[in-house]
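What follows is a set of notes on a single structure, which appears directly below.
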2 protein chains.
Amino acid sequence: MHELLSLNVRQKISLSTQEEELLKTFFIPKKLRKKQFLLQEGEVCQYAAFVEKGLLRSYTVDKKGNEHILQFAMEGWWISDLFSFYSGEPSVYMIEAMEDAELLLIKKDRYEDLLQAIPSMERYFRLLLQNNLIATQRRLNDKLSLPAEELYLKLIDTCDSIPQRVPQHMIASFLGITRETLSRIRKQLSSSHKK
Amino acid sequence: MHELLSLNVRQKISLSTQEEELLKTFFIPKKLRKKQFLLQEGEVCQYAAFVEKGLLRSYTVDKKGNEHILQFAMEGWWISDLFSFYSGEPSVYMIEAMEDAELLLIKKDRYEDLLQAIPSMERYFRLLLQNNLIATQRRLNDKLSLPAEELYLKLIDTCDSIPQRVPQHMIASFLGITRETLSRIRKQLSSSHKK
DNA sequence: TAATCAGCGTGATAAATGTCACTTTTGTCA
DNA sequence: TGACAAAAGTGACATTTATCACGCTGATTA
């Protein structure tokens, strides 16, 4: 069950065999079925979740009822509402399983304990946050500077597993465009590609 | 010179007096005059910069020559191109002083040394990255879900010092809209407020 | 197997935002 | 202080994207 997590940690820092065993004791395994929620708007985010299997998304719902996807998380990724997790404030995000999923959860106080028990985990999480920030900044910059079509093109050639596992209307929601616009962009692309 | 940095660090972690002195030795003071660059597109980002005084921005320039501002950094903030700094790859960002500025710079290898010398700095940077990620995610979510007017309103009531120190066309560029659109939004707001 | 639903496509139209050209205002500094 | 540059405003128009309404298809399930 914890293989992916260990692997993931060992890619960033080195752990002794004891530490690796110790690490596992901090996590609670949890299964979610498709369409179940790990977190709903208004709740406090109790857990940070590492995805061993499956695919999840975090999203907000605006006044008109439209969903806006902040993040997808598949095998080897973390998902949580950092702000709510850390501050104890209610969350504005929903976290939902898009496929049956197996997670490893850690609660906030256990997370702090973990950093005490294995100080090098501080480094692991720093690197994790750093990579996440780099990726999020890049996505923001793209959203600030690129039209819908280029956003889509950039997505499909940087990260091909997402478009394969995720329905189009959710890709649209991730890019911040409507499903209709995405559908038209794809039509245009396929016709201009045929020439 | 290093007062703000010490203060900033001590807000997140506790340091002994020796550590605090030691900390200072890792940084190079640097002054920039308005419109000077800390980093230009194509260069490798050598430094992470802590702002003691002044105001800087990081931005990209697209094919049409339009600028898109990723970040402002004022007193007590960090600015850098994390990806380039960490990977040694050329940067796509420009970092420019918008006001005369005083910075504390740290090079990558010295940064690694610092983390060795004062392990609790690992925690400091983790918390820094975490807060930065939370803010960037929030900004991305806003950009995905809100129209121009609401983006602007949200900016002026969350962070009032930026609009005061930054010309409007750069606010527009930060929000990902044109200066004309922002100008019209402001006109509308002022007329509807008068009623 | 019929019924329902999620996902995708598409046409007509509306709304938001961008572009371009120009003017006015404000700020800077020689 | 005068001259120049930068910033901001504005009108006309173009483009992009959203909205709404509807149809089609394939999967799920009652």
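The figures that follow rest on heavy atoms only: side chains count, while hydrogens, waters and symmetry mates do not. Labels below follow one simple rule: chain letters A, B, ... track the order of the sequence lines, proteins then strands, and each chain is numbered from 1. Since the structure is predicted, the reported quantities are computational estimates derived from the model, not experimental observations.
As a whole-Å value, the separation of A/Leu146 CG from C/dG18 P is 14 Å. In this structure, B/Arg184 places its CZ atom 9 Å from C1' of C/dT19, rounding to the nearest Å. In this entry the distance linking CG of A/Leu151 with P of D/dA18 reads 11 Å, nearest Å. Following rounding to the nearest Å, B/Leu175 (CG) and C/dG18 (C1') show an atom-to-atom distance of 15 Å. Residue B/Met98 contributes atom CE, which lies 15 Å from atom C1' of C/dG27 at whole-angstrom precision. As a whole-Å value, the separation of B/Ile171 CD1 from D/dA8 C1' is 13 Å. With rounding to whole Å, A/His68 atom NE2 is found 14 Å from D/dT17 atom C1'. Distance B/Arg186 CZ to D/dA7 C1': 11 Å, rounded to the nearest Å.
Among the nucleotides D/dT17, D/dG9, C/dT17, the one closest to the side chain of B/Arg179 is D/dG9. Closest to the side chain of A/Lys35, from the set D/dA6, C/dA6, D/dT17, is C/dA6. Closest to the B/Pro147 side chain, of the nucleotides C/dC20, D/dA18, C/dT17, is C/dT17. The side chain of A/Thr178 lies closest to D/dT19, out of D/dA7, D/dT19, C/dC8. Of the candidate nucleotides D/dA7, D/dA18, D/dG11, D/dG11 has the atom nearest to the side chain of B/Lys187. The side chain of A/Glu180 has D/dC20 as its nearest neighbour among C/dG18, D/dC20, C/dT19.
Residue B/Ser183 places at least one side-chain N or O under 4.0 Å from the OP1 or OP2 atom of D/dG9. When the side-chain nitrogen and oxygen atoms of A/Gln168 are compared with OP1 and OP2 of C/dA6, none of them lie within a distance under 4.0 Å. OP1 or OP2 of C/dA6 has not a single side-chain nitrogen or oxygen of A/His169 nearer than 4.0 Å.
Residue contacts for B/Leu182: at a heavy-atom cut-off of 4.0 Å it reaches no nucleic acid atom on any strand shown. Here A/Lys64 lies in heavy-atom contact (under 4.0 Å) with sugar-phosphate atoms only.
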Test A/Asn141 against B/Thr60 for side-chain hydrogen bond (donor to acceptor under 3.5 Å, both in side chains), laying out the working first. CA-CA 8 Å; A/Asn141 190 252; B/Thr60 54; 3.1 Å; yes
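Under a cutoff of 6.0 Å and an axis angle of 45°, B/Arg139 and B/Phe174 form a cation-pi pair.
Using a 4.5 Å heavy-atom cutoff, the side chains of B/Trp78 and B/Leu5 are in contact.
Between A/Tyr59 and A/Phe37, the two ring planes are tilted [angle within 30° to 60°].
Two residues, B/Thr181 and B/Lys34, neighbour DNA chain C, and the one matched to the more 5' nucleotide by heavy-atom proximity is B/Thr181.
Note that CG of B/Asp81 and CD of B/Gln71 are 10.5 Å apart. Values are rounded to the nearest 0.5 Å.
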